[in-house]
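Structure, as structure tokens:
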Amino acid sequence: MSEKVYNPRDIEEKWYNFWLEKNYFRAEPKSGKPSYCIVIPPPNVTGSLHIGHALDVTLQDIMTRWKRMSGFNTLWLPGTDHAGIATQNVVEKELKKEGLSRHALGREAFVKKVWEWKEQYGGRIIHQLKRLGASCDWSRERFTLDEGLSRAVKEVFVRLYNEGLIYRGDYIINWCPRCHTALSDLEVEHEEKKGKLYYIRYGFANGNGHVVVATTRPETLLGDTAVAVNPDDERYKNIVGKILKLPILGREIPVISDEFVDASFGTGAVKVTPAHDPNDFEIARRHDLPFVKIMTGEGTMSKEAGPYEGQDRFKCRENVLRDLESAGLLVQRKEHTLSIGHCYRCKTIIEPYLSKQWFVKIRPLAKDAIKAVNDGRIKIIPPIWDSSYFDWMKNIKDWCISRQIWWGHRIPVWYCREMQNATCRTQNGIIVAPDAPDVCPHCGAGASALIQDEDVLDTWFSSALWPFSTLGWPDDTDDLRTFYPTSVLITGFDILFFWVARMIMMGLKFRSEEPFRHVYIHALIRDAEGQKMSKSKGNVVDPLEMTETYGTDAFRFTLAAFAAQGRDIKFSINRVDGYRNFINKIWNASRFILMNVREGDVITPVEDLRNLSLADKWILSRLSNVASGVNKALEEYRFNDAASDLYQFTWHEFCDWYLEMIKPAFYGDDDDVRRTAVSTVIHVFETSLALLHPFIPFVTEELWQNLPVRNRPDSLCIRRYPSDTDGIRDNSVEKEMELVMDAIVGIRNIRGELNLPPSLEIRAIIKAQEETAAVLRENISYISKLAKADSIEIGYDIGNPEDAAISVRQAMEIFVPLKGLFDVEVEIRRLSREIVKFEESLSAVNKKLRNREFMEKAPREIVEENKAKYQEFADKIHALQGNIEKIKKWGDQNGQENR
RNA sequence: GGGCGGAUAGCUCAGUUGGGAGAGCGCGGCCCUUACAAGGCUGAGGUCACAGGUUCAAGCCCUGUUCCGCCUACCA
């Protein structure tokens, strides 16, 4: 006999290997079956699995397993992302430990080193996905730097360039002085901080008077090339065109007027630093001002900063302030909140920085992407995210795609140093081609004159192609034809813009078809206090630790149960605890069933069974209902509803009621009855395991394999997914069963309330209308067994004893005679409380019925319903009061006091 | 500055076209009943944030307020 407690450890590994050996996760490139495809959001190759991945992967696996079982040709395509900056940072850190740097190593050797690192550690996250039970087609695993995907990247770059959608130019970009690279706008995280607004006096060159400007970044005055005021600002009208002397450096700069300036902010005069601020950059272009770069790529001050050269940018700020102060030019410091950009990889404060970069002209691409969602060709679920998506798409700005790092897709651009003719010169010597050219296509200069661009592409540029590059594009492959567009993309909202939006743009552009039909956006997982999980806060929940402690199935079920749409998830360990118990419950249900199957028992298909008991028919009906509910919930991505339906059904209906109800059949003498129960319970349990399998694959496979069922596939993961036809839905059976259950609960109620131990045999008298009474009489053995009542009387015209506790139910009144076994006073108090409750309900209903408008305007069935309720409550109150009178009388006669 | 979401039992949260408020955990009571004490049975506990409005009827629809959270932005 198996253990009393489920032990996941060996079982999980055993079945995962079994599934892999049998190739169940392998998709067919061509198939008569309908296709179902999910591409995984590729985790960073440097990363290790965090709880967000675990949720993501669990939901994808549920969908994939469900569709696979439902007869689809299913592909869940896994892979990893090369994560340019993050990975390079990791390897650089390693080098530092050895006292090396990437520059010391040189580009080629460094990149080789990263590949080595990737080969050695990059598999970790993939391994972790397997631990979670992910049913990915591992034969199709991809990496964004694979040869094929790199070809896709080059192809896309070249085509976009040729269409004029990629350009190169000098602009202000977000620069991370620590990672030493440009970043896109999205890669900057803004944080509100309390800072200061400094008011600084700029004197006129002629020595007469001054202008005060306000700034949050005083050190940038070293790069000022003008002061701007609003053209309509009366205060400053007469100084436009005059020359100021820059504090400290003494350079002369003009006062200009520009619409951009907000007269109501600060002093209404703004210093203009074209090389270090995006707005100032625009102003400078309008007014043809010079650009002075006062900083280096390391975030230290350049030669242009004069006496501050070589200082760190923040140190320089202090020094500039001190010098202004001592020169009497610092007029005021004012509290001011401002938002500061930080690098999303290393949290360093971003520097707006003028440099030459590559950009994607994005608006033409965004236009189609907006349309695709507008037209419903792509459905975002939950639709609450539509507005964010549209908002971002409509205000989108060009995408800076060049990165000054070494790990990534090298930009497929070469520069001709010779530029031997006019054509070459008008092209600025730029050659864009998928592969290194032998000669300059413009002027014919030799290969030695051609130098490849040093930069690599934004990692998200390659991820944007993921849904088709992984399927073989730019080649026209079977996979591409079979699985593109993919079915659904499942991911968190944090990469909606980074990734989802860009995949839509690229998919539409290069495949002329949306990359996926649905986008399911799940919530972010926070800790139990609602804080974002982060290593620095130390509040991370490690998914692998969860699987170790509770088993993968329990953990997965928890995640699914938490995955309600549209709200953040506060993760609490004790929920996992609860679902671990659930898994254990299923385990023990299986033990119970198997221990009651006898050698030689033939499992008969349900449809061939005669003489099904009420309990059998009921559980089959419930099974049918739950199967239908789960399918519907999954269809709509309501994972939590599916999970809670299954939980409720399995534990409370199947285990608590059904298994208890068939015990008499199991232990009784009638073998026909016993075998009918055995066949039914196995059918229902087998079907339940199938329903549960996408959520908790390991334990279900284990238990399923142990069931004595013939003529079935080799694995639960390829069994047909149950539908409502697996049971026999019968509403009248469910109604009858409800009556029986209500009778049992009523008697248990009395037991519980009066603290009567189970060992005490009791008698019950049930008063009900004949229709109900007939049902109860027919099923009296269930009531007797489950309520532990050795004798039960059922009827309408039966006298109820004076010494009885009462439970008033929907369709019956139950009396339990208790000569002297209860405290009259306690029972009267209990009944009085009940009466109060019913009286409240009664008066609420009564209020409606006495309202003429309600009677006239409410739908007829609602009115009837309320009339019936009124009667019901009134009857209940009457019965309860009647019983109070009776036990009072009994108490008086028997010397028990009541006050 | 703009936008979005949340406020329901002690805790974490469901509540799908507006008709008698639910679950899990926790808590109280009774039970080691031969599948399971990671269990069984049973119970207590809620002016659904606040103020208005629409409606015969509001947790649900509308308006405003307060408090949280998030996204986004060229306020120097």
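First the proteins, then the strands, lettered A, B, ... as listed; each starts at 1. On a predicted model such as this, the values are computed, not experimentally measured, just so you know.
Using a 4.0 Å heavy-atom criterion, one finds that A:Asp280 contacts no nucleic acid atom at all. Heavy atoms of A:Ser388 sit nowhere under 4.0 angstrom from any nucleic acid atom. A:Arg580 comes within 4.0 angstrom of a nucleotide base, judged by non-hydrogen atoms across all strands. As judged by a 4.0 angstrom heavy-atom cut-off over every strand, A:Lys847 is placed among residues making no nucleic acid contact.
With a 6.0 Å cutoff to the six-membered ring centre and a 45° limit on the axis angle, A:Lys585 does not count as a cation-pi contact of A:Phe582. Judged by the 6.0 Å and 45° rule, A:Lys847 forms no cation-pi pair with A:Phe854. A:Phe695 does not carry A:Arg556 over the face of its six-membered ring by the limits of under 6.0 Å from the centre and within 45° of the normal.
Close to B:G24, at under 4.0 Å from its OP1 or OP2, lies a side-chain N or O of A:His652. Applying the 4.0 Å criterion to OP1 and OP2 of B:C13, one finds that A:Asn640 has every side-chain N and O outside that range. Within the structure, a side-chain polar atom (N or O) of A:Asn581 is placed less than 4.0 Å from OP1 or OP2 of B:G39. In this model, the phosphate group of B:G40 is approached by a side-chain N or O of A:Lys585 to a distance below 4.0 Å at OP1 or OP2. Using a 4.0 Å cut-off, some side-chain N or O of A:Trp651 falls inside it from OP1 or OP2 of B:G40. A:Tyr667 has a side-chain polar atom (N or O) that falls below the 4.0 Å cut-off from OP1 or OP2 of B:A35. For B:A76, the OP1/OP2 oxygens have no side-chain nitrogen or oxygen of A:His276 closer than 4.0 Å.
Stem list for RNA chain B (at least 3 consecutive Watson-Crick or G-U pairs, distances under 3.5 Å): B:1-7 with B:66-72, B:10-13 with B:22-25, B:27-31 with B:39-43, B:49-53 with B:61-65.
Taking the six-membered ring for Trp and thresholds of 30 and 60 degrees, A:Tyr520 and A:Tyr637 have nearly parallel ring planes, at less than 30 degrees apart.
Rounded to a whole angstrom, the distance from the P atom of B:A57 to that of B:G6 is 26 Å. Rounded to the nearest Å, the gap between the P atom of B:C75 and that of B:C62 is 32 Å.
On a pure distance criterion of 3.5 Å, no polar donor-acceptor pair joins the side chain of A:Lys4 and the base of B:C36. A donor-acceptor contact under 3.5 Å is not formed by the side chain of A:Glu3 with the base of B:A35.
Side chains of A:Asn588 and A:Tyr6: a donor-acceptor N/O pair is absent below 3.5 angstrom, by distance only. A:Glu189 and A:Tyr344 share no side-chain donor-acceptor pair at under 3.5 Å.
Across all non-hydrogen atoms, the minimal contact from A:His276 to A:Ile172 is N-CD1, 3.8 Å.
Taking the centre of each ring, A:Trp399 and A:Phe359 stay at or above the 6.0 Å mark. The distance between the ring centers of A:Tyr579 and A:Tyr550 does not fall below 6.0 angstrom. Ring centroids of A:Tyr389 and A:Trp385 are separated by 6.0 Å or more, keeping the two rings apart.
If you measure from atom CG of A:Asp577 to atom C1' of B:C36, you get 15 Å, rounded to the nearest angstrom. Distance CZ (A:Arg591) to C1' (B:A37): 13 Å, rounded to an integer number of Å. The CG-C1' distance, from A:Asn749 to B:C41, rounds to 10 Å in whole Å.
Residue whose closest nucleotide on RNA chain B sits further toward the 5' end, between A:Leu756 and A:Asn851: A:Leu756.
The side chain of A:Asp641 lies closest to B:A14 when the candidates are B:G19, B:C25, B:A14. Relative to the side chain of A:Glu192, the nucleotides B:A76, B:A38, B:A73 differ in distance, and B:A73 lies closest.
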For nucleotides 44-49 of chain B, 5' to 3', base contacts (B), sugar-phosphate-only contacts (S) and non-contacts (-) with protein non-hydrogen atoms under 4.0 Å give S-----

